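These values consider heavy atoms only, across backbone and side chains, with no hydrogens, waters or symmetry-generated copies. Residue numbers begin at 1 in each chain, while the letters A, B, ... track the order of the sequences. None of the values given here were measured: they were computed from a predicted structure.
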Protein chains: 2
Amino acid sequence: MVQVISSNEDGKTVCLECNHNSWQPMDQRTTPETIKVACSNCNLRELCMPIGFNPEDMQKLDEVVATRRRVKQGERLFSNGDPFTSLYAIRTGFFKTCISSEDGREQVTGFQMAGEIIGLDGIVSDHHSCNAVALEDADVCVMPFANVEELSREFPVLQRHVHKIMSREIVRENSIMMLLGNMRAEERIAAFLLNLVQRLHARGFSQSEFILRMTREEIGSYLGMKLETVSRTFSKFSDDGIIEVKQRYVRIIEPDVLKKIFNSQTCS
Amino acid sequence: MVQVISSNEDGKTVCLECNHNSWQPMDQRTTPETIKVACSNCNLRELCMPIGFNPEDMQKLDEVVATRRRVKQGERLFSNGDPFTSLYAIRTGFFKTCISSEDGREQVTGFQMAGEIIGLDGIVSDHHSCNAVALEDADVCVMPFANVEELSREFPVLQRHVHKIMSREIVRENSIMMLLGNMRAEERIAAFLLNLVQRLHARGFSQSEFILRMTREEIGSYLGMKLETVSRTFSKFSDDGIIEVKQRYVRIIEPDVLKKIFNSQTCS
DNA sequence: AAAATTCTTTGATGTAAATCAAACGACTGC
DNA sequence: GCAGTCGTTTGATTTACATCAAAGAATTTT
């Protein structure tokens with residue numbers, strides 16, 4: 001389903017110099033803040049759009065996406081309470097979504113990368129219920145939800161696609177509930193690393209090494225543990241020769257051991 | 001938005017004799033296993049269908065629901081791996097949804113009551129990824145998803161409704177992540193009780209007393225804690241005069257204290 | 001009605017992870 | 001190039017909850 005980019009498949013998949021492992025589109029990166037864009041010639045199409053459109057339908061599909069928007073590292077794409085107008089397809093960059101409790105505790109609810117859709121939380125109440133923060137400079141396609149709904153009525157394949165995206169998010173959150181409710185620190189970290197590398201690999205990056213875009217604290221928030229425990233678990237995996245960690249750089253040495261830890265802690 | 005049933009508003013809202021607090025529809029309950037039903041004369045309509053339909057549209061809406069299905073206590077509406085064909089609107093009864101990890105650990109992902117929609121997990125992969133188990137004898141409307149999608153294309157208000165239902169589920173799971181990732185046992189139980197009573201109240205039941213349909217173990221699984229901790233927390237709340245608990249019967253004496261515990265543990 | 005099973009409560013003890021604390025490394029801005 | 005900030009690592013200690021255990025209710029089966 002996902003077409004990998006061959007140029008990313010030759011080993012040197014993560015740019016360590018610029019500390020950048022997001023998918024860079026081929027076109028120039030000097031576009032203004034918001035510009036009109038088209039899905040029909042987007043190289044991320046396979047990831048965020050349904051397949052099997054003929055060219056003329058594709059042209060209509062371009063109507064979904066109105067503009068593009070840049071979000072600088074640390075800035076928000078949207079915040080809790082903002083009126084909901086659009087879904088966003090990530091072109092480049094990396095986001096976290098998070099919610100805050102009354103007394104200020106933060107819960108990271110997800111990390112999103114190129115080709116993933118963000119903003120579904122806003123549909124139910126017409127207002128966003130979480131914050132979407134760019135963890136690196138990002139570029140998103142703004143898809144006004146009214147357009148999405150209108151074209152969904154016309155194209156059953158798009159309608160189905162939207163439903164699948166929402167269902168996928170529900171299923172993902174189900175498995176996070178399993179993680180948070182039932183698993184121990186090592187299992188959570190193993191699951192986290194495996195999921196991350198799998199998604200990066202689907203985007204043409206290495207299946208063994210990558211750069212973390214988030215802090216230990218953000219990983220901990222996502223996984224329901226403290227940053228010290230995240231750090232200690234990384235160190236333990238490193239001591240055991242399962243992974244190599246150096247700050248944000250991670251290399252998975254023994255993916256099978258990681259999978260085993262994730263599936264069941266076969267005693268300690 | 002939700003019309004409460006006046007007959008349920010006179011204090012005696014929970015039938016302690018039969019240990020039953022689900023909404024009983026007015027029609028006779030001797031229907032065969034699956035029969036043709038209509039939304040247009042269903043008294044749960046306000047809960048599971050969008051409002052603002054005129055009578056002729058309503059008739060078309062009836063096409064969504066194909067049949068009704070009975071599920072006995074302990075039986076499954078669907079299981080992990082089952083082909084996905086339909087969404088289910090609960091008419092009466094109470095369900096839990098749960099997933100199991102490789103090594104058999106169970107995670108309850110939700111409890112669902114009358115008027116709520118179940119089965120959204122199946123859309124993404126055309127197969128269900130969780131089990132839906134009836135915690136009491138239940139009666140559901142079977143809504144073939146193909147019908148839902150077809151009519152959604154015709155009626156924007158239905159389309160929007162379906163999107164909202166899915167978004168609501170995403171937002172609900174977000175708040176469960178906050179619960180599991182950041183909150184302590186007492187906060188989790190407080191949140192659980194408040195959520196349950198709020199939903200029951202919206203269905204015409206008392207806002208202070210109700211009968212739990214699930215075991216301590218199932219509550220614990222949902223909230224990421226062991227059954228003993230659930231029991232101890234109930235006992236503590238009872239000792240503190242916040243609630244009255246006797247087995248499955250619960251009465252909330254001090255809802256404000258419960259809300260305070262939920263919002264922030266104001267020291268211990 | 002007795003027996004068996006399931007669920008719940010409560011107590012005693014153990015432990016994984018949190019908290020507290022301090023040092024160190026990396027990046028930022030002047 | 002240096003100071004300041006931020007993020008990470010590691011150690012020592014505490015703690016909330018899990019685990020182990022057993023008795024007591026409630027429900028189901030025979």
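- Heavy atoms of A/S235 sit under 4.0 angstrom from primed sugar atoms or phosphate atoms, though from no base atom.
- Among the nucleotides D/dA26, C/dT10, D/dT8, the one closest to the side chain of A/Q247 is D/dT8.
- At whole-Å resolution of the value, NZ in A/K236 and P in C/dA17 are 11 Å apart.
- With C/dC20, D/dC20, C/dT8 as the candidates, the nucleotide lying closest to the side chain of A/R232 is C/dC20.
- In this structure, the side chain of B/Q107 engages the main chain of B/S221 through a donor-acceptor pair within 3.5 Å.
- Close to D/dT8, at under 4.0 Å from its OP1 or OP2, lies a side-chain N or O of A/R248.
- Of the candidates D/dA18, C/dC7, C/dT10, the closest approach to any side-chain atom of B/T229 belongs to D/dA18.
- Within 4.0 Å of A/T215, counting heavy atoms only, lie sugar-phosphate atoms of the nucleic acid but no base atom.
- None of B/D82, B/I118, B/V108, B/I99 except one satisfies the side-chain contact (heavy atoms from CB on, under 4.5 Å) rule with B/C130; the exception is B/I99.
- The nucleotide whose nearest atom lies closest to any side-chain atom of A/A185 is, among D/dA26, D/dT9, C/dA17, C/dA17.
- Distance CD (B/E136) to P (D/dT27): 15 Å, rounded to an integer number of Å.
- For A/K226, the side-chain atoms get nearest to C/dT19 when compared with the rest of C/dT19, D/dA18, C/dT8.
- Whole-Å rounding puts the A/D239 CG to D/dT9 C1' distance at 12 Å.
- When distances are taken from the side chain of A/R184 to each of D/dT8, C/dA16, C/dT8, the shortest belongs to C/dA16.
- If you measure from atom CG of B/N182 to atom C1' of D/dA16, you get 15 Å, rounded to the nearest angstrom.
- Counting heavy atoms from C-beta on, the side chains of B/F95 and B/Y88 never come closer than 4.5 Å.
- Taking atom OH of residue B/Y249 and atom P of nucleotide D/dA25, one finds them 20 Å apart after rounding to whole Å.
- Picking from C/dC7, D/dT19, C/dC20 the nucleotide with the shortest atom distance to the side chain of B/E228 gives D/dT19.
- Closest to the side chain of B/L227, out of D/dT9, C/dA17, C/dT9, is C/dT9.
- Between B/E106 and B/K96, the shortest heavy-atom contact is OE2-NZ, 3.3 Å.
- Remark: P of C/dC7 and CD of B/E218 are 8 Å apart, rounded to the nearest angstrom.
- Not one N or O on the side chain of B/D139 forms a donor-acceptor pair closer than 3.5 Å with the backbone of B/R91.
- Distance CD (B/E217) to P (C/dT6): 12 Å, rounded to an integer number of Å.
- If you measure from atom NZ of A/K246 to atom C1' of D/dG7, you get 16 Å, rounded to the nearest angstrom.
- Taking for each of B/F234 and A/M225 the nucleotide of DNA chain C with the nearest heavy atom, the 5'-most of the two is the partner of B/F234.
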